[in-house]
Amino acid sequence: MIDTHSHIDMLENPEKEIEESLTNGVKKIIIPGVEPSTFDTITEYIDRYDCIYGALGVHPSEAQKFNNDVAKKMTLLAHHPKIVAIGEIGLDYYWDKTFVDIQKKVFQTQVEIAISLDLPVIIHDREAHLDTMNILKDLKYNKVIMHCFSGSKEFAKECVELGWYLGIGGVVTFKNSRKMKDVVKEIPLENIVLETDAPYLTPHPFRGEENSPKYLNLIAKEIASLKDISFEAVERQTTLNAEKIFNFHKGE
């Protein structure tokens, strides 16, 4: 299995969690960028661990930290063979709407960087579905992973029609997450990638504790149950999906 979104650098004991994840069937883990100060940390992790890959991006909540120097550094570091995406980037209208125009501009600039590098984008979209989709459509880019997908079945279908992938995480295991469960039932397995978003959104029955890539199998089991297929089928297809969208061998 591949954890396509895990903030390993935020865990209490990253080394321990990486080791336990490997023993629980996780073969690769992608650390997303959040703000410029995380870029060097991500580079250190991908150099240290064979199983760790990285993405570089400035989260919409941190958009005011983005500037030309950050763009240059991101572009330079993204040539590292183990940087496999630009992200997490996007729009977040949940926490703060006072700098939406800045968010949009920074989002568009980072997608343009991804296009120039031919890298997929890991999208953070919270209560900003329409603007997120419109920016990506305007730029005509379809190498897209919708991280922690939170939209409706209708929005999910539109994403699938565009060839995008939906990142499904621990929320799908929550008993009250009926909308998310319905989305997973509806969309093709070929458009799903697994993620934990560790240390956040820990799956049931460990909700409330620190999340970890070692819990990825709980998410895969829930997807298998919802789709009435085997765990092995979910494990196999989501791994193929991740291998397809993220070019883990770009430096070879």
Side-chain angles (χ1 to χ4, degrees), residues 2-10 14 28-49 51-92 95-96 99-126 128 131-148 164-165 167 193 195 197-198 200 242 245-252:
I2 297 174
D3 187 346
T4 63
H5 198 109
S6 184
H7 301 277
I8 287 288
D9 50 321
M10 298 182 185
K28 295 182 178 72
I29 302 167
I30 299 174
I31 310 179
V34 177
E35 59 175 294
S37 64
T38 63
F39 293 176
D40 290 334
T41 302
I42 289 169
T43 302
E44 289 171 9
Y45 271 94
I46 63 179
D47 284 339
R48 182 178 177 188
Y49 294 97
C51 64
I52 303 291
Y53 293 77
L56 301 174
V58 176
H59 188 284
S61 297
E62 308 293 336
Q64 290 158 308
K65 297 179 181 178
F66 189 88
N67 55 41
N68 287 336
D69 288 339
V70 172
K72 289 176 183 176
K73 183 172 184 178
M74 181 189 300
T75 304
L76 180 64
L77 292 177
H79 286 92
H80 190 296
K82 293 183 74 182
I83 294 295
V84 294
I86 298 299
E88 69 186 273
I89 63 175
L91 302 173
D92 192 317
W95 293 110
D96 191 342
F99 56 100
V100 165
D101 287 344
I102 295 174
Q103 285 193 40
K104 288 180 179 178
K105 183 178 180 181
V106 169
F107 177 31
Q108 179 170 329
T109 299
Q110 292 185 95
V111 175
E112 289 169 347
I113 290 172
I115 292 170
S116 72
L117 297 166
D118 194 27
L119 289 175
V121 286
I122 299 172
I123 303 298
H124 175 104
D125 160 32
R126 192 165 188 190
D131 285 350
T132 299
M133 179 161 279
N134 284 342
I135 287 172
L136 290 166
K137 278 185 172 180
D138 287 347
L139 292 170
K140 297 179 173 61
Y141 205 51
N142 62 358
K143 292 187 175 183
V144 175
I145 302 94
M146 298 296 286
H147 154 60
C148 194
W164 300 357
Y165 293 85
V193 292
E195 60 169 63
D197 201 20
Y200 312 108
I245 188 65
F246 299 105
N247 184 6
F248 293 108
H249 309 289
K250 72 172 188 174
E252 296 177 3

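Keep in mind that what you see is a predicted model, and the values were worked out from it rather than measured.
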*Quick one: side-chain contact (heavy atoms from CB on, under 4.5 Å) partners of Phe99, sequence neighbours excluded?*
Ala63, Gln64, Asp96, Ile102, Gln103
*Between CG of Asn134 and CG of Leu91, what distance do you get to the nearest 0.5 Å?*
10.5 Å
*What residues, two or more places apart in sequence or in another chain, satisfy side-chain contact (heavy atoms from CB on, under 4.5 Å) together with Ala114?*
Ile86, Val121, Tyr141
*Apply the test side chain to side chain contact (heavy atoms under 4.5 Å, CB included) to residues Ile89 and Ile123: give CA-CA distance (whole Å), side-chain angles for both, the deciding distance (0.1 Å), then the verdict.*
CA-CA 5 Å; Ile89 63 175; Ile123 303 298; 4.1 Å; yes
*Any side-chain heavy atom of Asp47 within less than 4.5 Å of one from His80?*
yes
*asked:* Restricting to non-hydrogen atoms, name the atom on Ser6 and the atom on Ile29 that form the minimum distance, rounded to 0.1 Å.
replied: CB-CG2, 3.6 Å
*Compare all side-chain heavy atoms of Tyr165 with those of Val144 and state whether any distance is below 4.5 angstrom.*
no
*Given side chains that start at C-beta, do those of Ile52 and Lys28 come closer than 4.5 Å, heavy atoms only?*
no
*Taking only residues two or more places apart in sequence or in another chain, which ones pass side-chain hydrogen bond (donor to acceptor under 3.5 Å, both in side chains) with Asp92?*
His124
*Is the shortest heavy-atom distance from the side chain of Ile2 to the side chain of Val193 under 4.5 Å?*
no
_Those residues that, when tested against Asp118, pass salt bridge (Lys or Arg N to Asp or Glu O under 4.0 Å) (two or more places apart)_ = Lys143
*Apply side chain to side chain contact (heavy atoms under 4.5 Å, CB included) to the pair Ile83 and Leu77, showing each step before the final yes or no.*
CA-CA 8 Å; Ile83 294 295; Leu77 292 177; 5.5 Å; no
*If you round to the nearest 0.5 Å, how far is CD1 of Ile46 from SG of Cys51?*
12.0 Å
_Can a side-chain donor-acceptor contact be found between His59 and Glu35 if the only test is distance below 3.5 angstrom?_
no
*asked:* Salt bridge check, Asp131 against Lys104: does any charged N sit closer than 4.0 Å to a carboxylate O?
replied: yes
*Please collect all side-chain hydrogen bond (donor to acceptor under 3.5 Å, both in side chains) contacts where either partner lies in residues 66-76, sequence neighbours excluded, each pair once.*
Asp40-Lys73
*Could you state the interatomic distance from OG1 (Thr43) to CG (Leu56), rounded to the nearest 0.5 Å?*
6.0 Å
*If you look at every heavy atom in Ala71 and Ile113, which pair is closest and at what distance?*
CB-CD1, 4.0 Å
*Should Ile31 and Asp9 count as side-chain neighbours, where that means a heavy-atom distance under 4.5 Å?*
yes
*Go through the steps for Phe39 and Val58 under the test side chain to side chain contact (heavy atoms under 4.5 Å, CB included), then give the verdict.*
CA-CA 10 Å; Phe39 293 176; Val58 176; 4.2 Å; yes
_Taking the six-membered ring for Trp, are Tyr53 and Phe248 closer than 6.0 Å centroid to centroid?_
yes
_Do Val70 and Lys65 have side chains that approach each other closer than 4.5 Å (heavy atoms only, starting at C-beta)?_
no
*To the nearest 0.5 Å, what is the distance between CG (Asn247) and CG (Leu119)?*
8.5 Å
*Which atom of Asp125 lies closest to which atom of Thr132, heavy atoms considered*: OD1-OG1, 3.5 Å
*Flag the pair Trp164 / Leu136 as yes when at least one side-chain heavy-atom distance between them is below 4.5 Å, and no otherwise.*
yes
*Please round to the nearest 0.5 Å and tell me the distance separating atom CD1 of Ile145 and atom CZ of Phe246.*
3.5 Å
*First locate atom SG of Cys148, then atom CD of Glu195, and finally report the distance between them rounded to the nearest 0.5 Å.*
5.5 Å
_How close do Ala242 and Thr4 get, counting heavy atoms only, and between which atoms?_
CB-CG2, 4.0 Å
_Among residues at least two apart in sequence or on other chains, which ones pass side-chain hydrogen bond (donor to acceptor under 3.5 Å, both in side chains) with Gln108?_
Glu112
